[in-house]
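A quick write-up on the structure given underneath.
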2 protein chains.
Amino acid sequence: MTAQGKAHRDASYGLLTAIAGEAGVSLSTVSKVVHRRRDVGAATRARVEELLSRYGYVRPGERDPAMPQQIVAVFRDLSGPYTLEVVRGIVAAADELGIDVVTGTTGHRSISQWLQESVALGAAGLIIVISMLSEEDQRRIVEQRLPVVLIDPLSAPSHDIPSIGVTNWSGARDAVQHLVALGHTRIGMAAGRAHSLAGAARLHGYRAALEEAGIAYDPAIVRSTDFDFEEGLIASLQILGAENPPTAVFAASDAQALGVLEAARQHGLSVPGDLAVMSFDDTLVAAMACPPLSAVRQPFEELGHEATRVLLHLAEGRPPASPRIELATELVLRTSTSVPRGAHTAPGHGASDPQGKDVRTDSYVEPRDMGGDKVLGVSGGSTTNGVQVR
Amino acid sequence: MTAQGKAHRDASYGLLTAIAGEAGVSLSTVSKVVHRRRDVGAATRARVEELLSRYGYVRPGERDPAMPQQIVAVFRDLSGPYTLEVVRGIVAAADELGIDVVTGTTGHRSISQWLQESVALGAAGLIIVISMLSEEDQRRIVEQRLPVVLIDPLSAPSHDIPSIGVTNWSGARDAVQHLVALGHTRIGMAAGRAHSLAGAARLHGYRAALEEAGIAYDPAIVRSTDFDFEEGLIASLQILGAENPPTAVFAASDAQALGVLEAARQHGLSVPGDLAVMSFDDTLVAAMACPPLSAVRQPFEELGHEATRVLLHLAEGRPPASPRIELATELVLRTSTSVPRGAHTAPGHGASDPQGKDVRTDSYVEPRDMGGDKVLGVSGGSTTNGVQVR
DNA sequence: CTGAAAGCGCTTACAG
DNA sequence: CTGAAAGCGCTTACAG
């Protein structure tokens, strides 16, 4: 009396009848095996199950194994050079397993609509990239029991929802340590959104590096703004206009770093001669900027790859290895950072080698040829709450 | 005796029985309506159909209207800044209609596998972006009867498969006419793959503009290569090393144009002072290059949008308006093009205004702020085989 | 643990 | 054009 008419039967007529004949049991018994009744002997059940799967019988309501499996990946928008890299990572990981990826944005449809959609599709799970989740969204996600993984959520998510990001704090710390090692003692920051997880972590990494170097934190040369170009420009104009301006600025994103470059231009400062600029992200534009930007590289493609792996792990009913995974960043040195004007030797604070002399400061860096970039350090390793992964 | 057990029935038990009661007919009659037998009176049929849809009855084998509709979009790979724009166009157009987009690459799965996958998903259709289709692929596409639309196919496809691209020929012609109007008479070309549709069209647009200006075509300053940076660089080194080198080079892609810039650097030529460089594509990197590149802009996002519209049009069973649609390109002027050194007045060939004086040659162009770019001309209009669209 | 028997929802050949 | 009747594939309450 339950779900028998609600069928998604696969084939033919007397399929169960035929199986009953072949198994040498009655149709009743086959029917009980199909409905997973317990009043069937183990040997009989095994024999019938074997025949059922041999004949490709699909239980009513059960997912047809011939039906392609899917996952859904939604983005705040599909702009920004990092987006494509994340998509590529997700699609590559899914493709290897023959799983389809439905790609969408939260522009036309809300997160809870996407959640419904994913369920309607019978998707294995949902990846939500760089979005703000309301309490309501989080509640629904937990209620739906659909596997969900967040990439770089803007706010700290419930611990019931696994999230993946990068080592923002230590990546920022490495970057600023490098500037310190080059001899800079006056370092500003075009910081990101103070209320975003990543923005706060990068700011604190910056502060940690200063503190370790015995440099006082000066709010006059730090501004927290949105991660974009315009805000980065406005913030940088203020920072460079400070009474005691910095010789180096660390930007919390590539877009903001482009704002720093523009502000330097407006102030008549040459980069890196008068001002060293360090960025965070290392998307395509970092290598393309004039001059090419040194930057903390986020492994965007790997973020997508890892998110997919975690999602499919959850979809198999296994618990998440960790509610939070952070992938390592890398410090990539290009021409925008050098020793401060007038400094003849880098003091070498020891945190990381200065190496300013090895950084190419005059040649053009073609973005498709990263061979010339110098990768100085890898932050944090792949960690799950501090534990090494793989 | 045909496909009745192969059900995807939707609900409950006496649904048809209940409808029979409500319609005041026998169950037999309802059954006949469901199976579209012809021996049912029109009035009776209408009454029963009405009740069937009111109760949300889904015919066996018929697509459940509650099931989300999908389209599939496959790319050769998900790299290159244009890819994201095309994806964005497709997703935006689909999102408006509540349709999901499955995104994949032809890296792990062949085109014919994607064709099968699309059918298995019950997708409304398949968009294939910038790929080489074998004869076999084309045959299968036509056989499958699944709606398929090609974006920028590398080879001329069968006329049975609609394709969408841009006005490569007239876009290239406009670009070269502009260089001519600036006063250049010695113009080289880092041309694209000679055997690709787009590459051939761009080369012929270049030749047409030269011919119209009465300038002889000189193969010594033209090289056809792959659309990438390395090939563009090698070709440009040869072109700039010619006995009588050009004062301007037209590149068939942004990546090749970056190769031209690098070759100019290696030859000690300043851009645009010693060499004007014109590009084709106008992806993110064109505006980011040093100096920012003048370029023929391809409407990538619009390509995705239009492809989706055509696909859904086909999916409704309507014939394609045209087997081939070409969207207009735009000429975007930045700092990489100016009058040739020594030329004091532009001769003004009249094809397009020189306007070299209005082009910013010294200020930094922020890619997110295209307001400063100068759009000179729009090529071709939106055409379907020359006929205006929309 | 198994199956004969009754029953359910639906389909169809056939009589009118 | 309609429906009574036979039948099909499957399920389940029940007897053993």
Side-chain angles (χ1 to χ4, degrees), chain A residues 1-67 119-120 122, chain B residues 1-67 119-120 122:
Chain A
M1 288 271 175
T2 51
Q4 79 198 25
K6 201 173 185 175
H8 180 92
R9 261 173 276 144
D10 192 74
S12 57
Y13 287 71
L15 216 197
L16 296 193
T17 310
I19 287 174
E22 191 159 344
V25 296
S26 73
L27 178 57
S28 311
T29 303
V30 172
S31 185
K32 283 183 220 178
V33 172
V34 166
H35 291 83
R36 302 193 209 280
R37 294 274 139 76
R38 266 169 313 182
D39 56 345
V40 180
T44 310
R45 156 166 282 124
R47 193 149 28 98
V48 173
E49 281 287 10
E50 212 282 310
L51 284 163
L52 284 171
S53 73
R54 171 128 50 94
Y55 283 98
Y57 178 81
V58 179
R59 287 180 164 81
E62 195 167 78
R63 171 153 284 276
D64 184 340
M67 188 65 181
V119 172
Chain B
M1 286 273 176
T2 51
Q4 79 199 26
K6 200 172 185 175
H8 180 90
R9 260 173 276 146
D10 191 74
S12 57
Y13 287 73
L15 217 197
L16 295 193
T17 310
I19 287 174
E22 192 160 341
V25 297
S26 73
L27 177 58
S28 309
T29 303
V30 172
S31 185
K32 281 183 217 176
V33 171
V34 166
H35 290 82
R36 304 192 208 280
R37 294 273 140 75
R38 267 170 310 181
D39 55 347
V40 181
T44 310
R45 156 167 282 126
R47 194 149 27 99
V48 173
E49 281 287 9
E50 212 283 309
L51 285 163
L52 285 171
S53 73
R54 171 129 49 95
Y55 283 98
Y57 178 81
V58 178
R59 286 182 166 80
E62 195 166 79
R63 169 151 286 274
D64 184 341
M67 188 65 181
V119 172

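Protein chains get the first letters and strands the later ones, always in sequence-line order, with residue 1 at the start of each.
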Checklist line | Pair assignment for DNA chain D - dot-bracket with | for other-strand partners, Watson-Crick or G-U under 3.5 Å | finding: |||.||||||||.|||
Check: For atom C1', what is the distance between C:dG3 and C:dG7, given to the nearest Å?
Finding: 16 Å
Margin query: Just the rounded figure in Å: distance from C1' of C:dC1 to CZ of A:Arg47.
Written below: 12 Å
Check: Does A:Arg54 have any salt bridge (charged side-chain N to carboxylate O under 4.0 Å, His left out) partners at least two apart in sequence or in another chain, and if so, which?
Finding: A:Glu22, A:Glu50
Notebook entry, point to check: Quick one, which residues of residues 37-45 of chain B touch DNA chain D with a heavy atom under 4.0 Å?
Noted result: B:Asp39, B:Val40, B:Gly41, B:Thr44
Next item on the list: Using the P atom as the reference point in each nucleotide, state the distance between C:dT12 and C:dG16 in Å, no decimals.
Entry: 22 Å
Check: B:Tyr57 has an atom OH; how far is it from atom P of C:dT11, in whole Å?
Finding: 5 Å
Notebook entry, point to check: Out of B:Ile19, B:Thr29, B:Leu52, which residue meets the side-chain contact (heavy atoms from CB on, under 4.5 Å) rule with B:Val34?
Noted result: B:Leu52
Check: For residues 18-33 of chain A, which residues have at least one heavy atom under 4.0 Å from DNA chain D?
Finding: A:Leu27, A:Ser28, A:Ser31
Margin query: Just the rounded figure in Å: distance from C1' of D:dT11 to CZ of A:Arg59.
Written below: 15 Å
Next item on the list: Provide the full list of salt bridge (Lys or Arg N to Asp or Glu O under 4.0 Å) pairs with a residue in residues 37-46 of chain B, sequence neighbours left out, each pair given once.
Entry: B:Lys32-B:Asp39
Note to self: Let me confirm one number: the OH-CG distance from A:Tyr57 to A:Leu15, rounded to the nearest 0.5 Å.
What the structure shows: 8.0 Å
Next item on the list: In whole angstrom, give the distance that lies between atom CG of A:Leu15 and atom P of D:dC8.
Entry: 17 Å
Margin query: My understanding is that only residues two or more places apart in sequence, or in another chain, count here; which of them pass side-chain contact (heavy atoms from CB on, under 4.5 Å) with B:Ser53?
Written below: none
Margin query: Quick check: closest heavy atoms across B:Leu27 and B:Thr17, and the distance to 0.1 Å?
Written below: CD1-N, 3.8 Å
Note to self: On a heavy-atom basis, which atom in A:Arg47 and which in A:Val25 lie closest, and how many Å separate them?
What the structure shows: NH1-CG1, 4.2 Å
